[in-house]
Protein chains: 2
Amino acid sequence: MVRNMREAARHAMGRTSGRAAERDPQGQAAAQARLKASGLRPTRQRLELAGLLFQGHDRHVTAESLHDEVTRAGVKVSLATVYNTLHQFTGAGLLRQVVVDASRSYFDTNVHDHQHFFHEDEGRLIDIPGETIAVTNVPTPPDGLAVDRVDVVVRVKRA
Amino acid sequence: MVRNMREAARHAMGRTSGRAAERDPQGQAAAQARLKASGLRPTRQRLELAGLLFQGHDRHVTAESLHDEVTRAGVKVSLATVYNTLHQFTGAGLLRQVVVDASRSYFDTNVHDHQHFFHEDEGRLIDIPGETIAVTNVPTPPDGLAVDRVDVVVRVKRA
DNA sequence: CTCATAGATTAGAATCATTCTAATCTGTTG
DNA sequence: CAACAGATTAGAATGATTCTAATCTATGAG
Ligand SMILES: [Mn+2]
Ligand SMILES: [Mn+2]
Ligand SMILES: [Zn+2]
Ligand SMILES: [Zn+2]
């Protein structure tokens, strides 16, 4: 039943209306490149999620916030796939996991050295550029251990 | 049926054999004082848990590790009570909660300003004295927010 | 292009830490 | 020794995350 390129493309798009992809052509292209570079198959779901995550500005998402967002965009992706994708992207170095809240995991599109404000009332993360804060005199780890990284979280509340 | 002080004391001890209390007389006394100072009733469970937690050296426990420990000591305390107690002690300023692992909460008997090594392979926390690490140039929080505290976690792995 | 297949997605069940419920118990105070 | 506010607890509930196993799809021969 597939007769030509246009039909094939529509078919490949599956359940999505194609609206999201049409709305963000360069995002999709960049996403495609990013996935290819990481050896991840460019599936509809990964392209949509990458499109939302890597639009240029840095983002902090939870599995649920990203799932809500992609769902609101009219794209059907299961929550399991959102979790899978966040972990795969993290494994590929496209995302970083941030632990600040015992009740849920955040993922950060900014994988460079930087720190965070964590707004405890609202559960929001705000970047602090990597050059801003200086952490000095970090002691040598106990024998047999090596520093993986140093996290600084500035917990803030309503004044 | 309670005839004298000795009997009364045994009765008050409830289901415990009294072994734990006998093993740690000063711990119990200190615990009693600590609870009184915090306005918490000195129940058998709180005294046992305080006895284990505040023995002098600083400790990092999870609800489950503390529950295992108190259980192994032959004292019957429900996990719900361990959770309740950890939160009450935290509210009273006797403990501090430490967020380093998305999968469980740690409680720290050292409530003074200090930082941590977190051994990611084993899930263990190691104190870094408060005067050791210096964090400078922490930026001013966004408007309407105030710094609650600054956490530094030095994540370490097997070398 | 067509097909075979490794890899991906997904609904729904399972897990696990933590919290809640509501029944029972106990420390305190009069 | 009451009376009762506060504490404990078994077991259910919750909520985030992971797992299962069935179905789908991207890909690279042929
Ligand atoms: Mn959702
Ligand atoms: Mn949890
Ligand atoms: Zn960030
Ligand atoms: Zn500590």
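- Rounded to whole Å, the distance from CG on L79(B) to P on dA17(C) is 9 Å.
- To the nearest angstrom, P of dC16(C) lies 17 Å from NE2 of H67(B).
- The backbone N or O of R96(B) sits nowhere less than 3.5 Å from a side-chain atom of Y106(B) that would complete a donor-acceptor pair.
- Residue T62(B) is classed as having no contact, given no heavy-atom separation below 4.0 Å to the nucleic acid.
- For the pair Q45(B) and R46(A), nearest-nucleotide mapping onto DNA chain C gives the more 5' position to R46(A).
- Partner of V150(A) under the side-chain contact (heavy atoms from CB on, under 4.5 Å) criterion, chosen from V135(B), V154(B), V156(B): V154(B).
- If you take CG of L47(B) and C1' of dT26(C), they are 13 Å apart, rounded to a whole angstrom.
- Among the heavy atoms of the strands lying under 4.0 Å from R104(A) are primed sugar atoms or P, OP1, OP2 only; no base atom is included.
- Residue R41(A) has no polar side-chain atom (N or O) positioned under 4.0 Å from OP1 or OP2 of dT27(D).
- Look at S105(A) and you'll find a side-chain N or O under 4.0 angstrom from OP1 or OP2 of dT17(D).
- Here the nucleotide nearest the side chain of A80(B), chosen from dT17(D), dT10(C), dT9(D), is dT9(D).
- Atom-to-atom, CD of E48(A) to P of dT25(D) comes out at 15 Å; the value is rounded to the nearest Å.
- Figure legend: cation-pi geometry between R34(B) and F54(B), with NZ or CZ positioned under 6.0 Å from the six-membered ring centre and within 45° of its axis.
- Straight-line distance from the CG atom of D101(A) to the P atom of dT18(C): 12 Å, rounded to whole Å.
- Here the P atom of nucleotide dA6(C) and the CG atom of L40(A) are 19 Å apart, to the nearest Å.
- Between T43(A) and Q32(B), the one whose closest nucleotide on DNA chain C sits nearer the 5' end is T43(A).
- Summarising the geometry of V99(B) relative to A102(A), their closest heavy-atom pair is CG1-N, 3.9 Å, with the distance given to 0.1 Å.
- When all heavy atoms of A134(B) and N137(A) are compared, the closest pair comes out as CB-ND2, 4.4 Å.
- The distance between atom NZ of K76(A) and atom C1' of dA8(C), rounded to the nearest whole Å, is 16 Å.
- Between E122(B) and R158(B) there is a salt bridge, since a side-chain N of the basic residue sits under 4.0 Å from a carboxylate O of the acidic one.
- For the pair R59(B) and E69(B), the salt-bridge criterion is met [side-chain N within less than 4.0 Å of a carboxylate O].
- Atom pair R44(B):CZ and dG6(D):C1' shows a separation of 16 Å (rounding to whole Å applied).
- The stretch residues 81-91 of chain B touches DNA chain C through Y83(B), H87(B), each having a heavy atom within less than 4.0 Å of the strand.
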